[in-house]
Undergrad: 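The structure that follows is given in the form of structure tokens.
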Amino acid sequence: MVFQGKPAFEKILKLRLAQQIKNCYTNTIGMQIIFARNIYQLNDCCSKVRCYMKNNEASSLYTVQAVSKTIEMLEILSDQAAPADLPLLASKVAMTRNKTFRLLTTLCEKGLVERDTKSGTYQLSFNSVSLAHKMLRQSPVINLAHPIMEELAKKHHEAVYMTVARGDEILFLDMVDCEQQIKATPLVGRRFPSFSTAAGKVIKALETRELADWLLNKKPGKKSGGVDSQQLASELLEIRSNGGVSIDCGGLGEGISSVAVAVRDYGGAVIGAITLLGPSFRMVKERIENEIVPSLIEGAALISEKFGYTTTEKLVFN
């Protein structure tokens, strides 16, 4: 190594030192940028969490988690076709097996759920069924509609239901069965998507015209709840034009046809629908149009009168 004197050596040393300082400064700036980005992302995440908590604060303020889970468990058990074991119920209610076991034990002690000691499975008890029947006996919809439903079932020898809306679903609230050997499985307590049933289409069609208009404006081919939007819009508009009568085939199951007519209260608002259903081979077009529809219209009018509605009232079409 050849030295060119002290001044040259110092110059080279200063240049190298300056380069190192520059590199260190550059790396520091890079780290600052990365750190700033992480802080921004963290703040953004926190803002979203605060927004979510604010939006749900009102709804969760008065919610008791244990009660909510209890009701959810009863609903799950009511939907089971057969007794269910602990692992299945724990997964459905989204709780640990320990917490689920404690919840089920409490329900068993209160007599709402019973446990099979041999299989370890759970199902609703007769006390739950009794509780449901007590509630149904106090329902004005059932008390006023049931006698007329009995007459319709006796006249047409088909099952007749009272159906009501629950959100985007239709609940089959009450039933008068028929004595036919070939008939559909009882649907009391069952829920179906609104647009898959005649009753649901009647109720949704008469709630507001805006829904039909919105469906018409959707792009062709777009579906709403598995149903073609254009076809559904046409059905809803037809139901509005005929005063609240809908006919459906297959929505409640293969080979099942149903007819529904709207029931109104004193102000003309739709509170439910009378629904008659049966096997498609008995529910032929001529019979539906000439016998069933006129009878259901008359029956729905009688029930509506019991709720204070008269044909002179102005219909509520929003």
Undergrad: Identify the heavy atoms of Val176 and Ala153 that sit nearest to each other, and give their distance.
TA: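 Here Val176 and Ala153 meet closest at CG1-CB, 3.5 Å.
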
Undergrad: In sequence, state the C-alpha distance, the side-chain angles, and the governing distance for Tyr161 and Val188, and then conclude on side chain to side chain contact (heavy atoms under 4.5 Å, CB included).
TA: CA-CA 8 Å; Tyr161 291 84; Val188 172; 4.1 Å; yes

Undergrad: Under 4.0 Å between a Lys/Arg side-chain N and an Asp/Glu carboxylate O for Glu158 and Arg287?
TA: yes

Undergrad: Less than 4.5 Å apart, any side-chain heavy atom of Asp248 and any of Val259?
TA: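 Not touching, per the 4.5 Å side-chain cut-off.
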
Undergrad: Side chains of Gln80 and Gln123: donor-acceptor distance under 3.5 Å anywhere?
TA: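 The answer is no; no qualifying pair exists.
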
Undergrad: Applying the side-chain contact (heavy atoms from CB on, under 4.5 Å) test to Leu296, which of Thr275, Ile274, Ile288, Val245 qualifies?
TA: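 Exactly one pass, corresponding to Ile274.
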
Undergrad: What distance separates Thr100 OG1 from Leu86 CG, expressed to the nearest 0.5 Å?
TA: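 Thr100 OG1 to Leu86 CG: 6.0 Å, rounded to 0.5 Å.
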
Undergrad: If I compare all heavy atoms of Glu289 with all of Pro294, which pair ends up nearest, and what's the gap?
TA: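 Shortest heavy-atom contact: O-CD, 3.4 Å.
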
Undergrad: What pairs with Lys69 under salt bridge (Lys or Arg N to Asp or Glu O under 4.0 Å), at least two apart in sequence or on another chain?
TA: Glu72

Undergrad: Would you please indicate if the ring centroids of Phe307 and Tyr266 are separated by under 6.0 Å?
TA: no

Undergrad: Show the numbers, then the answer: is there a side chain to side chain contact (heavy atoms under 4.5 Å, CB included) between Leu77 and Leu89?
TA: CA-CA 8 Å; Leu77 288 170; Leu89 294 174; 3.8 Å; yes

Undergrad: Taking it one step at a time, do Thr105 and Glu109 satisfy side chain to side chain contact (heavy atoms under 4.5 Å, CB included)?
TA: CA-CA 6 Å; Thr105 300; Glu109 290 178 354; 3.9 Å; yes

Undergrad: Between CD of Glu151 and OG of Ser295, what distance do you get to the nearest 0.5 Å?
TA: 10.5 Å

Undergrad: For a quick test of reading the model, state the closest non-hydrogen atom pair linking Gly200 to Thr197 and the distance between them.
TA: N-OG1, 2.9 Å

Undergrad: Could you tell me which non-hydrogen atom of Asp265 sits nearest to which non-hydrogen atom of Tyr309, and how far apart they are?
TA: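 For Asp265 versus Tyr309, the nearest heavy atoms are O-CB, 3.0 Å.
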
Undergrad: Could you tell me whether a side-chain N or O of Arg115 sits under 3.5 Å from a main-chain N or O of Tyr122, the two making a donor and an acceptor?
TA: no

Undergrad: Should Gln180 and Arg282 count as side-chain neighbours, where that means a heavy-atom distance under 4.5 Å?
TA: yes

Undergrad: Should Phe172 and Leu252 be marked as a side chain to side chain contact (heavy atoms under 4.5 Å, CB included) after you check the CA-CA gap, both sets of side-chain angles, and the distance that decides it?
TA: CA-CA 11 Å; Phe172 282 69; Leu252 294 172; 3.8 Å; yes

Undergrad: Can you confirm whether Val160 sits close enough to Leu277 that some side-chain heavy atom of one is under 4.5 Å from a side-chain heavy atom of the other?
TA: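 With C-beta onward as the side chain, the pair stays apart.
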
Undergrad: Donor-acceptor pair, distance only, cut-off 3.5 Å: does the side chain of Thr121 make one with the backbone of Asp116?
TA: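 No; judged by distance alone, with no hydrogens or angles, the pair does not exist.
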
Undergrad: Hey, could you give me the CG/CD1 distance between Leu88 and Ile76, rounded to the nearest 0.5 Å?
TA: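 Between Leu88 CG and Ile76 CD1, I get 8.5 Å after rounding to 0.5 Å.
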
Undergrad: Side-chain contact test, heavy atoms from C-beta onward, threshold under 4.5 Å: evaluate it for Met175 versus Leu187 and give yes or no.
TA: no

Undergrad: Is there a side-chain contact between Pro193 and Glu169 (heavy atoms, below 4.5 Å)?
TA: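 When only atoms from C-beta onward are counted, Glu169 and Pro193 do not touch, as no gap falls below 4.5 Å.
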
Undergrad: Identify the heavy atoms of Val202 and Ala260 that sit nearest to each other, and give their distance.
TA: CG2-O, 3.7 Å

Undergrad: How far does NZ of Lys92 sit from CD of Glu75, to the nearest 0.5 angstrom?
TA: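 Going from NZ on Lys92 over to CD on Glu75, the span is 12.5 Å.
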
Undergrad: Quiz question: by atom type and distance under 3.5 Å, do the side chains of Lys201 and Ser194 form a donor-acceptor pair?
TA: no

Undergrad: Does Ser196 use its side chain to pair, donor to acceptor, with the backbone of Phe192 at less than 3.5 Å?
TA: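 No.
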
Undergrad: Is the shortest side-chain heavy-atom distance between Val113 and Ser125 below 4.5 Å?
TA: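 Not in contact.
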
Undergrad: Measure the NE2-CG distance between His157 and Leu276 for me, rounded to the nearest 0.5 Å.
TA: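 Here the interatomic distance stands at 11.5 Å.
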
Undergrad: Could you tell me whether a side-chain N or O of Ser241 sits under 3.5 Å from a main-chain N or O of Glu238, the two making a donor and an acceptor?
TA: yes

Undergrad: Just verifying a value: how many Å separate Arg191 CZ and Asp168 CG, rounded to the nearest 0.5 Å?
TA: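 Rounded to the nearest 0.5 Å, the CZ-CG separation comes out at 11.5 Å.
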
Undergrad: Does either side chain, that of Ser280 or that of Ser257, offer a donor lying less than 3.5 Å from an acceptor on the other one?
TA: yes

Undergrad: Is Glu298 atom CD crowded by more than 12 heavy atoms from other residues, nucleotides or ligands, each under 6.0 Å away?
TA: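 Count not over threshold, so no.
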
Undergrad: Identify the heavy atoms of Gly244 and Leu206 that sit nearest to each other, and give their distance.
TA: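 Closest approach of Gly244 to Leu206: CA-CD1, 3.8 Å.
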
